[in-house]
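Computation of the quantities below employed the complete heavy-atom set of this structure, encompassing side-chain atoms and omitting hydrogens, waters and symmetry-equivalent molecules. All values derive from a computational prediction rather than experimental measurement. Lettering of chains follows the sequences in order, A, B, ..., and the numbering in each one begins at 1.
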There are 2 protein chains.
Amino acid sequence: MVSGRDRPGAQALPAGAAGRNGEAVAPTAAGAGFDLMVLRSMRRIIRCVDMYSKQLEMHSHVTAPQLICLLAIVERVSISAGLLAKEVHLSPSTIVGILDRLEEKGFVARSRGIEDRRIVHVRATDRGVALANSAPSPLQQRLADGLKRLPVDEQARIAEALERVVELMEAQHIDSAPILETGPLVRP
Amino acid sequence: MVSGRDRPGAQALPAGAAGRNGEAVAPTAAGAGFDLMVLRSMRRIIRCVDMYSKQLEMHSHVTAPQLICLLAIVERVSISAGLLAKEVHLSPSTIVGILDRLEEKGFVARSRGIEDRRIVHVRATDRGVALANSAPSPLQQRLADGLKRLPVDEQARIAEALERVVELMEAQHIDSAPILETGPLVRP
DNA sequence: CTGCGATCATTCGTACTGAAACTTTTTTTA
DNA sequence: TAAAAAAAGTTTCAGTACGAATGATCGCAG
């Protein structure tokens with residue numbers, strides 16, 4: 001059961017692995033186990049994504065999440081809010097806020113379904129379509145560029161590694177198993 | 001920092017992978033370029049991290065960002081707010097909020113510097129130290145476990161790929177070059 | 001036809017996130 | 001030394017994100 005904080009030494013480690021390993025782990029920044037490295041990387045990535053989103057907003061008047069949604073909408077011409085949520089992997093309640101702002105700025109329009117009045121159909125306006133066609137990639141242009149400059153097999157490796165991580169993370173909460181029974185709080 | 005590895009291994013890539021140069025926008029989930037795949041993966045990762053954070057909060061009364069900060073504080077015994085921000089890669093304004101909540105719950109204490117009164121020193125309380133020692137990994141336990149179960153070279157590949165992405169993303173906004181001059185807004 | 005449960009969107013509350021503006025304090029400059 | 005600049009933390013503001021609770025609507029059983 002892994003009691004909480006045993007983390008460090010455990011991880012067998014990266015012996016022959018690519019480079020960085022030798023030293024003994026300390027969950028710190030420096031030479032941690034792969035899991036900690038992955039965590040650090042992910043948080044920095046999150047931060048970058050967020051910062052880029054704000055720059056994007058300055059420039060294009062839409063944030064990255066908004067643009068992602070807009071692209072998904074344009075692509076499908078018309079889509080229900082709930083389906084959109086699934087499509088972009090956000091919760092319905094998050095979608096509402098994004099749609100509110102997108103609508104407020106005149107990029108999309110909502111309309112209640114006629115047949116089934118529960119569902120809300122979302123369409124992009126002309127302005128919305130125009131923006132979708134002209135806005136930069138919702139991903140860092142620079143990351144996209146940087147990525148493109150790498151050898152293709154390196155690109156593939158990166159994409160694959162990320163999907164692997166997603167797999168690992170999503171697998172878990174599908175079989176919504178015991179999430180945290182591993183580490184009791186405040187020391188027994 | 002780089003890390004020179006060079007592994008052939010090319011894996012199956014998306015069909016006409018050629019990258020998203022040609023087409024205007026939004027290739028869908030399916031056969032998108034690597035950059036889009038990367039983006040999709042990242043957003044799903046972000047979502048998982050967030051969801052885990054909420055479960056962590058239910059269980060341990062701290063969120064992932066809070067725990068990450070707490071761990072960084074405990075490790076250094078005492079640290080200034082600004083340094084902490086750098087350490088965990090968050091902006092100072094974000095740190096303030098996290099510290100507020102951590103302090104409110106009695107896990108850390110802030111005190112103005114005597115020598116230099118601009119500086120705020122943050123220390124963990126006994127409770128904070130106890131929590132840091134008993135809380136589960138700030139990373140999904142399950143991701144950590146899943147990761148551990150993979151072959152070591154796979155782990156290395158994943159960790160490295162992520163660092164590669166971080167490199168690409170952070171490199172950019174250091175030379176804070178033109179962020180978005182690539183795509184003009186709303187159609188000229 | 002009535003009512004009950006399921007479904008869809010929304011609202012509400014909380015947390016995280018960073019930029020910009022501001023306050024206080026220290027350091028540098030004139 | 002007085003004024004200006006720089007530094008540290010905080011506040012303010014807008015956006016993202018989710019779960020829980022609501023409100024509306026649909027579908028189906030009785």
**OP:** Between B:Leu83 and A:Lys105, just flag the one whose closest nucleotide in DNA chain D comes earlier from the 5' side.
**Re:** B:Leu83
Subject >> Given DNA chain C, 5'-ward residue of the pair B:Pro65 and A:Met58, judged by closest heavy atom >> reply: B:Pro65
Original post:
With a 4.0 Å cut-off on heavy atoms, is B:Gly97 in touch with a base, just the backbone sugar-phosphate, or nothing at all?
Top reply: nothing
Subject >> Nucleotide of C:dA19, C:dA15, C:dC16 approaching B:Thr63 most closely (side-chain heavy atoms) >> reply: C:dC16
Original post:
Is the shortest heavy-atom distance from the side chain of B:Val108 to the side chain of B:Ile73 under 4.5 Å?
Top reply: yes
**OP:** Could you pick out which residue, A:Ile114 or A:Val62, lies toward the 5' side of DNA chain D when each is mapped onto its nearest nucleotide?
**Re:** A:Val62
**OP:** Would you mind classifying the nucleic acid contact of A:Ser80 as base, sugar-phosphate or nothing, using non-hydrogen atoms under 4.0 angstrom?
**Re:** sugar-phosphate
Original post:
Roughly, in whole Å, what's the span from CG in A:Asp116 to C1' in C:dA6?
Top reply: 12 Å
Original post:
Taking C-beta and beyond as the side chain, do A:Ile158 and A:Leu150 meet within less than 4.5 Å on heavy atoms?
Top reply: yes
Original post:
Salt bridge or not for A:Arg157 and B:Glu160, using N-O below 4.0 Å?
Top reply: no
Original post:
Has the side chain of A:Arg112 got a donor or acceptor atom that lies under 3.5 Å from a matching backbone atom of A:Arg117?
Top reply: yes
**OP:** Mind calculating the distance between NE2 (B:His61) and C1' (C:dA15) to the nearest angstrom?
**Re:** 16 Å
Original post:
Is there a side-chain contact between B:Glu103 and B:Arg110, using heavy atoms and a 4.5 Å cut-off?
Top reply: yes
Original post:
Given C:dC16, is OP1 or OP2 found less than 4.0 Å from the side-chain N or O atoms of B:Gln66?
Top reply: yes
Subject >> Rounded distance (Å) that lies between atom P of C:dA15 and atom CG of A:Asp50 >> reply: 18 Å
Original post:
In terms of the nearest nucleotide of DNA chain C, which residue is placed more toward the 5' end: A:Ala81 or B:Arg101?
Top reply: A:Ala81
Original post:
Does OP1 or OP2 of C:dT27 have a side-chain N or O of B:Arg118 closer than 4.0 Å?
Top reply: no
Original post:
Do side-chain atoms of B:Ser80 reach the backbone of B:His121 as a donor and acceptor pair under 3.5 angstrom?
Top reply: no
Original post:
Starting at CG of A:Leu102 and ending at P of C:dT10, how long is that distance when rounded to a whole Å?
Top reply: 13 Å
**OP:** Rounded to the nearest angstrom, tell me the gap between atom CD1 in A:Ile119 and atom P in C:dT10.
**Re:** 11 Å
Subject >> Test applied, side chain to side chain contact (heavy atoms under 4.5 Å, CB included); reference residue, A:Val122; option that passes from A:Leu99, A:Leu102, A:Leu83 >> reply: A:Leu99
Original post:
What is the 5' to 3' range of DNA chain D, first to last nucleotide, that sits under 4.0 Å from any heavy atom of chain B?
Top reply: D:dA7 to D:dC18
Subject >> Nearest listed nucleotide, side chain of A:Arg112, among C:dA9, C:dA15, C:dT25 >> reply: C:dA9
Subject >> Nearest-angstrom distance from the residue atom CG of A:Asp100 to C1' of C:dT11 >> reply: 10 Å
Original post:
With distance as the sole test, does B:Glu87 use its side chain to make a donor-acceptor pair with the main-chain N or O of B:Ala72 at under 3.5 Å?
Top reply: no
**OP:** Give a yes/no answer on whether the side chain of A:Arg110 brings an N or O atom under 4.0 Å of OP1 or OP2 in C:dT10.
**Re:** yes
Subject >> Sugar-phosphate only, base, or nothing, as touched by B:Ile98 at under 4.0 Å among non-hydrogen atoms >> reply: sugar-phosphate
Original post:
With respect to the phosphate group of C:dG18, does any side-chain polar atom (N or O) of B:Thr94 fall under 4.0 Å of OP1 or OP2?
Top reply: yes
Subject >> Under 4.0 angstrom between A:Arg47 side-chain N/O and C:dG18 OP1 or OP2 >> reply: yes
**OP:** Write down the distance between CG (A:Leu84) and C1' (C:dC8), rounded to a whole number of angstrom.
**Re:** 14 Å
**OP:** Check step by step if salt bridge (charged side-chain N to carboxylate O under 4.0 Å, His left out) holds for B:Lys105 and B:Asp100.
**Re:** CA-CA 9 Å; B:Lys105 287 182 270 207; B:Asp100 283 348; over 6 Å; no
Original post:
Tell me: CD1 of B:Ile95 to C1' of C:dA15, nearest whole Å?
Top reply: 14 Å
**OP:** Remember a base hit wins even if backbone is also touched, and classify B:Leu90 as base, sugar-phosphate or nothing at under 4.0 Å, heavy atoms.
**Re:** sugar-phosphate
**OP:** Classify the nucleic acid contact of A:Pro92 as base, sugar-phosphate or nothing, counting any heavy atom under 4.0 Å across all strands shown.
**Re:** base
